[in-house]
Amino acid sequence: MNYCPNCGNRLSPADVLCPRCGSLVEMMRPNIFTPSESSPLPASCGAPMPQTAVGRQPEAGKMQPPVSAGPSGADDKAWLEIEEIDADRSENAKAAPNSYPAPEDPQSGFIDGGENTGSAPQTSDETDEGSGSQDASEETEQAASEETEQNAEGSRSARNSARYRDQTGEPTAGMQEPCRPEPRRHIPGIIALFLWILVAAAIFAGFYFADSYITETYGGWNAFVHDISKGKVDLDTDSAYMKNLAVNVSETQTDDGAPAHRFDVSMPDGQSVRVLPLGDTYQMENGSVSFTVSDEAIATSLGLVTTEASMETSGVNLDVTTASQTLNYQVGALTLKLTEADYKRDKPSEQTLSTTDTSLKIVLTVSPEATVFINNSNQSAGIDAFGHLSVTMPLELGDNTFVVEIVQPGRRSVKETFTMTRTLPETALTLRDTYLRIFDSSFECRGSTAPGGSVTASLNGRKFTAIVGSDGVFSIACSLENTGVYQMDVTASKDGFADASSPVLVEYLSSQTAFTDSCKEMTVAKIIKDTAALKGKSIKTTATIDGNIDSENHKQSFGVKAKDGSTMPCYYYGQERLSAELEYTFYGVWDTETNSFYVMFVE
């Protein structure tokens, strides 16, 4: 049996801390002397405990338990360490004597608190006098105490383990903690209350908004249930009273000619009629009232959006108020005739659907309440109080398609599609002359273009390239083989710009003197008569211009009359401006392709 080296209390094998003084005894137990039959207590066990063994003098008037005299030799160092630990534990026990409850030790004669309920520990003299009887009583007492200690071992182990943890802050070595059920975790009360409040608020808000929507849209729950059940369910239990209500609805027009519906309502003791969802109220006289509501107002209140000219709806109902109650009447299906939304496109106009700009400005006039979509993009934020809207849209090279849609409450929607073509700006091209009258096969065409550009000319199936200066001034050297009238096309090109092209009329004539000298003089009548034989021959004739002269692209077209009244068509490219009713001498050839007289020179 082990004893506490601090207070002498008898210990059980399961004790980690002394039940009386609370000292740690688990580490000391191997060095505590345990009496047995083979090793009886020495005669000096009853002597007072020396100061070096326990670290303090024994208290006066109290018997001390027997302890071993301590090891010697190799065990001196371990014994000193135990003495130091014991001294520290003793000081802790003094500082907090009531830190742990003091259970009664069934094997010792001491009761917690220092009271002696049995015989005190025997001194060395008493041990010598009655060693025989004492050994027998101790064996009997030890057998009884071992049985008691085994029964209490579990509870004492748990108690001592808890005390050990509280004192040292470390788990008890070699002992298994009692199994405790994991505590159930509960939501704190304040959080649970807050969650219940949130749920209740959500339910209330949902019901409030549902009731508001149904009241504004249908006029009440009765009308709502009646509508969704298609008339099969009616919550109004006062059907007999409803039989006194008479409602007649017919199509009509407003004073300005807009489509509308007329309502004739009669009800005994009726006071007022409220039209839902419009919200307009009409007072009844003698239980009846008649009023007109435009189709646009009905469609606006119902939030209808359509591109059709007419549509059918059943969302209108009436609240008829009497002296005692309010009755809700569900109006049947109504056919609404909707006018077109207000819309006018100011820019771009129909005539300007091609541009070289990189952006396009679209200007519209609509209703201030309208919603405008351009290529599915909502542009309504830019509408001013007068319904004016200006939007700038980017342009890509080529065709750009724009879809404009106008949605106006109570009106049918308008959708328009137009295409704007973006082209590159043309290269600058300026010709010094657009008509050249030459008498030599080689000639030059001059002009100017953008610096860095190039210029080419196409004449009679041949291509000529111009020399362009740093300032853009160019000159094209050209040539012709045969006389006649030709059109030369001049083209200017530059990167990032579109090609610019301009025609030049070239009239190549032989020497005027040589030509006029070789001409055969003939009358107008003779020329008209012998046109087939005059191909390629030089002709001279004198005649008066008859009628007007048409001028187009340096070409003057006119006619001259023969004495027999016949008229010969003529044309002239010269720079001299001819006048009607004047007589001229014309030199030229007959043009079989145009079947007219080509005048080369005029006198």
Side-chain angles (χ1 to χ4, degrees), residues 431-446 457-462 464 476-490 502-603:
L431 298 174
R432 190 176 67 178
D433 298 303
T434 58
Y435 168 74
L436 295 176
R437 187 179 179 90
I438 61 175
F439 299 94
D440 193 355
S441 60
S442 299
F443 63 96
E444 286 186 357
C445 177
R446 299 178 180 274
S458 177
L459 174 63
N460 196 27
R462 300 173 63 188
F464 304 92
I476 309 175
C478 305
S479 62
L480 287 171
E481 295 180 357
N482 300 316
T483 59
V485 178
Y486 302 89
Q487 177 174 310
M488 179 174 65
D489 294 323
V490 180
S502 180
V504 177
L505 188 65
V506 180
E507 185 177 20
Y508 177 27
L509 302 174
S510 57
S511 171
Q512 180 177 358
T513 302
F515 183 81
T516 55
D517 292 343
S518 64
C519 287
K520 180 181 179 180
E521 185 172 0
M522 301 177 64
T523 62
V524 174
K526 182 68 174 178
I527 296 174
I528 295 173
K529 181 178 180 182
D530 298 335
T531 54
L534 297 176
K535 181 179 180 180
K537 293 183 180 182
S538 301
I539 302 172
K540 173 183 176 182
T541 185
T542 302
T544 301
I545 297 177
D546 183 34
N548 297 328
I549 300 175
D550 297 330
S551 298
E552 181 181 3
N553 193 21
H554 304 286
K555 181 181 180 180
Q556 301 178 64
S557 300
F558 56 91
V560 293
K561 277 191 176 182
K563 291 182 178 180
D564 58 359
S566 58
T567 301
M568 181 178 67
C570 306
Y571 65 90
Y572 173 62
Y573 284 102
Q575 295 179 347
E576 181 180 354
R577 305 304 299 176
L578 303 179
S579 301
E581 307 300 331
L582 292 181
E583 186 179 77
Y584 295 93
T585 299
F586 303 106
Y587 299 88
V589 295
W590 184 257
D591 185 359
T592 56
E593 292 183 2
T594 61
N595 199 26
S596 58
F597 185 69
Y598 167 38
V599 179
M600 297 181 179
F601 303 99
V602 178
E603 292 180 353

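From a predicted model like this one, the values you see are computed outputs, not experimental measurements. Starting from 1, each residue takes its place in the sequence as its number.
Under the rule for a salt bridge (charged side-chain N to carboxylate O under 4.0 Å, His left out), K520 has no partner lying at least two apart in sequence or in another chain. Not counting sequence neighbours, the partners of K526 by the salt bridge (charged side-chain N to carboxylate O under 4.0 Å, His left out) test are D530. Residues forming a side chain to side chain contact (heavy atoms under 4.5 Å, CB included) with K529 (at least two apart in sequence, or on another chain): none. Residues satisfying the salt bridge (charged side-chain N to carboxylate O under 4.0 Å, His left out) test with D433, not counting sequence neighbours, are none. Under the rule for a ring pair (Phe, Tyr, Trp, His ring centres under 6.0 Å), the partners of Y435 that lie at least two apart in sequence or sit in another chain are H554.
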Item to complete: Given side chain to side chain donor-acceptor pair (under 3.5 Å), test S596 with T594 step by step and report yes or no.
Response: CA-CA 5 Å; S596 58; T594 61; 2.7 Å; yes
Practice prompt. Run the numbers on V602 and T585 for side chain to side chain contact (heavy atoms under 4.5 Å, CB included), then give the verdict.
Written response: CA-CA 6 Å; V602 178; T585 299; over 6 Å; no
Worksheet entry | Intermediate values then yes/no, side chain to side chain donor-acceptor pair (under 3.5 Å), D564 and S566 | CA-CA 6 Å; D564 58 359; S566 58; 2.7 Å; yes
Fill in: side chain to side chain contact (heavy atoms under 4.5 Å, CB included) evaluation trace for V490 with I476
CA-CA 9 Å; V490 180; I476 309 175; 4.1 Å; yes
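Here the OG1-CE distance, from T531 to M568, works out to 10.5 Å after rounding to the nearest 0.5 Å. Rounding to the nearest 0.5 angstrom, the gap separating the CG atom in L534 from the CD1 atom in I528 is 11.0 Å. Interatomic distance, CD of Q487 versus OG of S458, reported as 10.0 Å (0.5 Å rounding). Expressed to the nearest 0.5 Å, how far CD of Q575 lies from OH of Y572 amounts to 8.0 Å. Annotation: the span from R432 atom CZ to T434 atom OG1 amounts to 12.0 Å, rounded to 0.5 Å. Here the NZ atom belonging to K561 is positioned 14.0 Å from the CD1 atom belonging to I545, to the nearest 0.5 angstrom.
Looking at C478 and R462, their side chains never come closer than 4.5 Å, going by heavy atoms from C-beta outward. T544 places none of its side-chain heavy atoms less than 4.5 Å from the side chain of L582. Between L459 and L480 the shortest side-chain heavy-atom distance falls below 4.5 Å. For the pair I539 and I527, the minimum side-chain heavy-atom distance is below 4.5 Å. Side-chain contact between S579 and Y584: present, with at least one pair of heavy atoms (C-beta onward) separated by less than 4.5 Å. The shortest distance between side-chain heavy atoms of L505 and V485 falls below 4.5 Å. Between M600 and L509 there is a side-chain heavy-atom pair separated by less than 4.5 Å. Taking the side chain as every heavy atom from C-beta outward, D546 and V560 never approach each other to under 4.5 Å.
The heavy-atom pair separating T483 from S510 by the smallest distance is CG2-N, 3.8 Å. Minimum heavy-atom separation, F597 to V589: CD1-O, 3.6 Å. Looking at every heavy atom in both residues, A543 comes nearest to V524 through CB-CG2, 3.8 Å. The minimum heavy-atom distance linking R437 with G574 is given by the pair NH1-CA, 3.4 Å. Nearest approach of A525 to A562, heavy atoms of both residues: N-CB, 3.8 Å.
Without hydrogens or angle criteria, Y508 side chain to E481 main chain gives no donor-acceptor distance under 3.5 Å. Not one N or O on the side chain of Q556 forms a donor-acceptor pair closer than 3.5 Å with the backbone of I549.
Y573 and Y571 have perpendicular rings, their planes meeting at more than 60° on a 0 to 90° scale where under 30° would count as parallel. Taking the six-membered ring for Trp and thresholds of 30 and 60 degrees, F601 and F515 have ring planes inclined between 30 and 60 degrees apart.
Cation-pi geometry between K540 and Y587 is not met: the NZ or CZ atom fails to fall both under 6.0 Å from the ring centre and inside 45° of the normal.
For residues 572-600, no pair satisfies salt bridge (charged side-chain N to carboxylate O under 4.0 Å, His left out), with sequence neighbours left out.
Between F586 and F558, the ring centre distance stays below 6.0 Å.
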